[in-house]
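Structure, as structure tokens:
In this chain, numbering begins with 1 at the start of the sequence shown.
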Amino acid sequence: MRRLVSRLRTRTAAFLHDLLMIPVAWVGAYALRFNLEVPPPEYMESALSLLPVIVLINGTVFWYVGLYRGVWRFASMPDLVRIMKAVLIGVLLAGGALFLMTRMQFVPRSILPLQAILLALLLSGPRLAYRWVKDRRIELGGSRAVLIVGAGEAGEGLVRDLLREPALGYRPVGFVDDDPAKKGMEIRGLRVLAKTAKLPLVVAEQNVELVLLARPSAGAAEMRRLVELCKRADVPFRTVPPLEDLLHGRARLADLRQVSIEDLLGRESVSLDWTSIRKGVDAATIVVTGGAGSIGSELCRQIARLNPGRLVIVDQSEFGLYEINKELRATFTQLEVEIRLCDVCDSRAIDWLMTRVRPSMIFHAAAYKHVPMLESQPREALRNNVTGTRNVADSAARHGVETMVLISTDKAVNPTNVMGVSKRIAELYCQNADEQYRGTRFITVRFGNVLGSAGSVVPLFQEQIEQGGPITVTHADMERYFMTIPEACQLILEAGTVGQGGEIFVLDMGEPVSIRYLAEQMVALAGKRVGEDIDIQYTGLRAGEKLSEELFHEHEKLESTDHPKLLLARTRKVGWNWLNRRLDTLLEACEQFDEGGTARVIGELVPEYRPEPVESNNVVQLERLRR
């Protein structure tokens, strides 16, 4: 109620102002017509007698045209156009009325044009002045001088938002932009001062306290360059939200945030065939195993946006299921979500689930993945990652599931650790199951490290930085492939749509990233310096770790696909009966805690397994295909 009263009061004040401007403009027009002298008595008498008609007609037009829909605080070009329209209509109607009433006797012909000009100035001038005063109020008090990087639409919009919200405490002083045509131009009253390469110099000259990166579509390489310039200028920096969040209304330009490691290591956004993906998911029953984990939960979010008939989330973690269920039910109120506490090693529970829900697609993300921990517990790694995959695959085939997608890892290639071996055996089973079980497509998706996933290096480094260091890096030359969780999950969905069955899709992870570089960048993003505020300690390779990972085996015939980020690895076939006998022997050895027997069977199933670091031997082929 108070809000409504305030709004009405504001409208009334604006309307009364405009009514007052009508006689001012009318009298002013006569003054200009007679060279700022007192008009002859007969003209003056006519002007005053006709004034009520002029006020009534113009006031009615002003209200009807909608001059009071806009807010003076945000007066802009549409408001100016509306004023011009109202003035023109009002003057024409008033002129017609005066002609009918007096045949324009004692009303000079120039009065109406003069009144129109004056009235337009008197209506628009105070509005623009009011906005200017409000916008410039940000310059008073303790606001921080900020420099905007990017003089495009995002930069202009950011300045507009900052000036509208003085409470944010930012005072824009100018832009830097690499477009030479924009140098020296003014946008929202702020000059484009230089190219971005001159950022450190501009920061010093303008006493800039904060740099705002208004480049929502900038790629990782560009973000790294801009961050490096800010570090050289020794000035803190923030960035606007990603372009996707802005386009979907999930964020505003003024919602500034810290530059994240994903901004520096991510790549251009993935272009997907969403039409085909939606067609495959729409109204279908989807099961996601490991759906409470980092990859699984994001996969659930992506699927939920595609309008499935039902989403069944399977996991061992009670709390994880509670969290993802709560989130999805709050965000997707029409979605039918079912959560199931279930161990994928429990074949009876998996079979019961398949019988009950009858899914058309399964995304198998359930797996143990912590390399050093699993090195000392091979039994648990093999039971969960191999038995679990086998149970889900067999049950999917028995119950006529159309598609099963196994989510694998680059550690399955030439494995040097138990985790990688377990995932390679899971890959082998799904590849050959596709040949055996004709009614179900079995597809494998293989990728590297995912930024921010549970147990990954990024959360560990963040925790160590918050504690004041040191950051522990196993080896100065260690490299890993990285991609963001949303990107990985989108490509999983794409692979599940385009796969015909039996393939291993290798996600193009770009260039490998030095873990040392990753640590240094995370320290810099935290506003600290390596060696001064935070130390980096090298602890040596742990059991099962490689210096660099591989995305495919040298004997896998890697091929390009229609999607630039999906590469296809042709797989090796083995005898189905032989494979199952070996798996039975392996799992029996696991049950008996027979480490020797386990090792012998692993050697037969994965002869390339070498429990020591190896160097990558197929980076050149991957680079050739990427080009």
Side-chain angles (χ1 to χ4, degrees), residues 285-303 311-325 328 337-354 356-357 359 361-371 373-374 377-399 401 403-412 418-430 433 440 442-447 449-450 453-456 485 488-489 492-493 495-496 583 587 590:
T285 297
I286 312 291
V287 169
V288 179
T289 68
S294 305
I295 301 296
S297 60
E298 177 61 24
L299 200 50
C300 290
R301 296 182 192 99
Q302 300 277 356
I303 293 169
L311 177 59
V312 183
I313 307 173
V314 179
D315 206 286
Q316 292 188 78
S317 170
E318 179 186 31
F319 180 72
L321 283 175
Y322 165 77
E323 285 291 305
I324 188 62
N325 181 57
L328 293 180
V337 181
E338 181 176 338
I339 58 172
R340 300 301 308 178
L341 270 171
C342 181
D343 180 357
V344 291
C345 295
D346 186 343
S347 59
R348 298 183 68 177
I350 291 295
D351 240 14
W352 178 86
L353 179 69
M354 297 297 173
R356 184 176 178 277
V357 304
M361 183 176 285
I362 300 171
F363 291 94
H364 183 50
Y368 289 153
K369 62 181 184 179
H370 195 278
V371 171
M373 184 184 298
L374 296 179
Q377 302 183 71
R379 177 182 183 272
E380 302 310 317
L382 291 164
R383 285 188 74 253
N384 192 72
N385 294 356
V386 177
T387 304
T389 301
R390 191 186 190 188
N391 286 342
V392 174
D394 289 349
S395 187
R398 280 195 297 271
H399 293 89
V401 176
T403 306
M404 173 179 165
V405 180
L406 168 67
I407 298 169
S408 189
T409 169
D410 56 0
K411 293 174 179 58
V418 171
M419 186 271 196
V421 164
S422 68
K423 294 300 285 186
R424 178 62 191 130
I425 297 173
E427 287 184 357
L428 198 62
Y429 191 81
C430 285
T440 301
F442 290 89
I443 299 163
T444 299
V445 181
R446 184 192 290 161
F447 53 86
N449 293 50
V450 179
S453 62
S456 71
I485 293 177
C489 291
I492 290 168
L493 289 172
L583 288 182
L587 297 173
C590 286

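Applying the side chain to side chain donor-acceptor pair (under 3.5 Å) rule to Asp351 yields the partners Ser395, Arg398; only residues at least two apart in sequence or on another chain are considered. For Ala365, the side-chain contact (heavy atoms from CB on, under 4.5 Å) partners at least two apart in sequence or on another chain are Ile407. Here Phe442 pairs with nothing under the ring-ring contact (aromatic ring centres under 6.0 Å, His included) rule; sequence neighbours left out. Partners of Arg383 under the side chain to side chain donor-acceptor pair (under 3.5 Å) rule, at least two apart in sequence or in another chain, are Glu591. Asn325 is linked by a side chain to side chain donor-acceptor pair (under 3.5 Å) to Arg329, counting only residues two or more places apart in sequence or in another chain. Residues that satisfy the side-chain contact (heavy atoms from CB on, under 4.5 Å) test with Leu374, not counting sequence neighbours, are Tyr368, Ala381, Met419. For Leu328, the side-chain contact (heavy atoms from CB on, under 4.5 Å) criterion is met by Cys300, Arg301, Ala304, Leu311, Ile313, Ile324, Phe332, Val337, not counting sequence neighbours. Every residue two or more places apart in sequence or in another chain was checked for a side chain to side chain donor-acceptor pair (under 3.5 Å) with Glu323, and none qualifies.
Remark: of the listed residues Lys423, Glu427, Arg424, Glu427 is the sole one forming a side-chain hydrogen bond (donor to acceptor under 3.5 Å, both in side chains) with Ser408. For the side-chain hydrogen bond (donor to acceptor under 3.5 Å, both in side chains) with Tyr429, the qualifying choice from Thr444, Thr389, Asp394 is Asp394, the only one to do so. Just one of Ile350, Leu353, Asn391 meets the side-chain contact (heavy atoms from CB on, under 4.5 Å) condition when paired with Val344; it is Ile350. Looking at Ile303, Leu406, Thr289 one by one, the single match for side-chain contact (heavy atoms from CB on, under 4.5 Å) with Phe363 turns out to be Ile303.
Within the structure, every pair that satisfies the side-chain hydrogen bond (donor to acceptor under 3.5 Å, both in side chains) test and touches residues 338-347, not counting sequence neighbours, is listed here: Arg310-Glu338, Glu338-Arg356.
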Check: For Leu493 and Leu299, what are the C-alpha separation, side-chain angles and deciding distance, and is it a side chain to side chain contact (heavy atoms under 4.5 Å, CB included)?
Finding: CA-CA 8 Å; Leu493 289 172; Leu299 200 50; 4.2 Å; yes
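Between Leu382 and Ile425 the shortest side-chain heavy-atom distance falls below 4.5 Å.
Distance SG/Cys489 to CD/Gln302: 6.0 Å, rounded to 0.5 Å. Atom CD1 of Ile492 and atom CD1 of Ile443 lie 12.0 Å apart (nearest 0.5 Å).
Pairing each heavy atom of Val314 with each of Cys342, the nearest pair is CG1-CB, 3.6 Å. Between Pro359 and Met354 the shortest heavy-atom distance is CG-SD, 3.7 Å.
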